[in-house]
Amino acid sequence: QVQLVESGGGLVQPGGSLRLSCAASGSIFSIYVMGWYRQGPGKQRELVAIIRPGGNTNYADSVKGRFTISRDNAKNTVYLQMNSLKPEDTAVYYCNIGIWWGQGTQVTVSS
């Protein structure tokens with residue numbers, strides 16, 4: 001059974017940084033698009049960033065220049081480096097690989 005295990009969420013002050021990780025079981029994830037989504041309080045889930053097997057990336061306009069998505073195919077892991085965090089980045093962050101989803105990790109940006 002495929003499992004995605006996320007880590008790295010937490011509480012951070014505005015302007016701070018966090019790095020999210022999502023490790024997947026299995027050995028075929030190198031062929032999939034990997035991505036991060038988030039769902040803020042009272043909001044719909046939205047795309048944050050995706051990275052394609054060849055390394056091409058796309059970002060939501062709201063995070064461009066602040067967030068960086070990367071992947072390590074050998075480790076079946078996708079990362080999201082989040083810098084210059086803002087209160088509006090507060091959300092539950094979910095990783096997605098193919099048809100599989102992580103359980104979500106809470107990111108709270110507050111002073």
Side-chain angles (χ1 to χ4, degrees):
Q1 183 176 354
V2 173
Q3 286 190 322
L4 305 184
V5 179
E6 300 166 357
S7 60
L11 173 64
V12 64
Q13 293 186 343
S17 298
L18 284 174
R19 188 193 195 206
L20 305 183
S21 299
C22 176
S25 60
S27 60
I28 62 171
F29 292 99
S30 61
I31 68 172
Y32 287 99
V33 175
M34 297 180 171
W36 288 94
Y37 292 72
R38 68 185 181 186
Q39 187 166 11
K43 298 181 180 179
Q44 291 187 333
R45 190 174 298 188
E46 63 177 358
L47 173 68
V48 176
I50 60 169
I51 183 166
R52 297 177 180 81
N56 290 337
T57 58
N58 285 98
Y59 295 91
D61 287 343
S62 59
V63 306
K64 283 181 181 176
R66 300 188 297 122
F67 290 11
T68 303
I69 189 171
S70 60
R71 63 192 290 165
D72 185 335
N73 290 334
K75 296 181 179 180
N76 291 330
T77 301
V78 59
Y79 305 96
L80 186 68
Q81 177 67 43
M82 305 185 293
N83 298 328
S84 302
L85 283 160
K86 304 175 180 180
E88 51 264 43
D89 295 317
T90 295
V92 178
Y93 284 71
Y94 299 90
C95 71
N96 168 254
I97 302 175
I99 61 172
W100 298 280
W101 290 87
Q103 79 283 1
T105 185
Q106 177 70 47
V107 171
T108 303
V109 185
S110 175
S111 55

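Keep in mind that this is a model prediction, so the values were computed, not measured.
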Heavy-atom closest pair, residues L4 and A24
CD2-CB, 3.3 Å
Roughly how far, to the nearest 0.5 Å, is OG1 of T68 from CG of L80?
8.0 Å
In this structure, OG of S84 is separated from NZ of K86 (nearest 0.5 Å) by 8.0 Å
Are I99 and V5 connected into the same hydrophobic cluster when the rule is that any two of I, L, V, M, F, W, Y join if their side-chain heavy atoms are below 4.5 Å apart?
no
Using the test side chain to side chain contact (heavy atoms under 4.5 Å, CB included), find all partners of Q106 that sit at least two apart in sequence or belong to another chain.
T90, V92, T108
Apply side-chain contact (heavy atoms from CB on, under 4.5 Å) to the pair T105 and S7, showing each step before the final yes or no.
CA-CA 7 Å; T105 185; S7 60; over 6 Å; no
Output every pair passing salt bridge (charged side-chain N to carboxylate O under 4.0 Å, His left out) with a member in residues 66-76, not counting sequence neighbours, ordered by first then second residue.
R66-D89
Between R45 and Y37, which heavy-atom pair has the shortest distance, and what is it?
CG-CB, 3.8 Å
What are the two closest non-hydrogen atoms of V33 and R52, and how far apart are they?
CG2-CG, 4.2 Å
Qualifying disulfide (SG to SG under 2.5 Å) pairs, either residue in residues 46-111, two or more places apart
C22-C95
To the nearest 0.5 Å, what is the distance between CE on M82 and CZ on R19?
11.5 Å
For P14 and S110 the tightest heavy-atom approach is CD-C, 3.6 Å
Do you reckon L18 sits in the same ILVMFWY cluster as Y59, going by side-chain contacts under 4.5 Å, direct or chained?
yes
CD of E88: more than 12 outside heavy atoms within 6.0 angstrom?
yes
d(I51 CD1, Y79 OH) to nearest 0.5 Å is 11.5 Å
Please name the pair of heavy atoms, one in M34 and one in V78, separated by the smallest distance, quoted to 0.1 Å.
SD-CB, 3.6 Å
In Å, rounded to the nearest 0.5 Å, how long is the span from CD of Q81 to CD1 of I69?
12.0 Å
Going by the angle between their ring planes, with limits at 30° and 60°, are Y93 and F67 parallel, tilted or perpendicular?
tilted
Kindly determine whether V107 and L20 satisfy side-chain contact (heavy atoms from CB on, under 4.5 Å), including the steps that lead there.
CA-CA 9 Å; V107 171; L20 305 183; 4.1 Å; yes
Same cluster or not: V109 versus L11, using hydrophobic residues (I, L, V, M, F, W, Y) connected whenever any side-chain heavy atoms lie under 4.5 Å apart?
no
Using atom types as modelled and distance alone, determine if a side-chain donor or acceptor of N83 lies under 3.5 Å from a backbone N or O of L85.
no
CH2 on W100 to OH on Y32, rounded to 0.5 Å:
3.5 Å
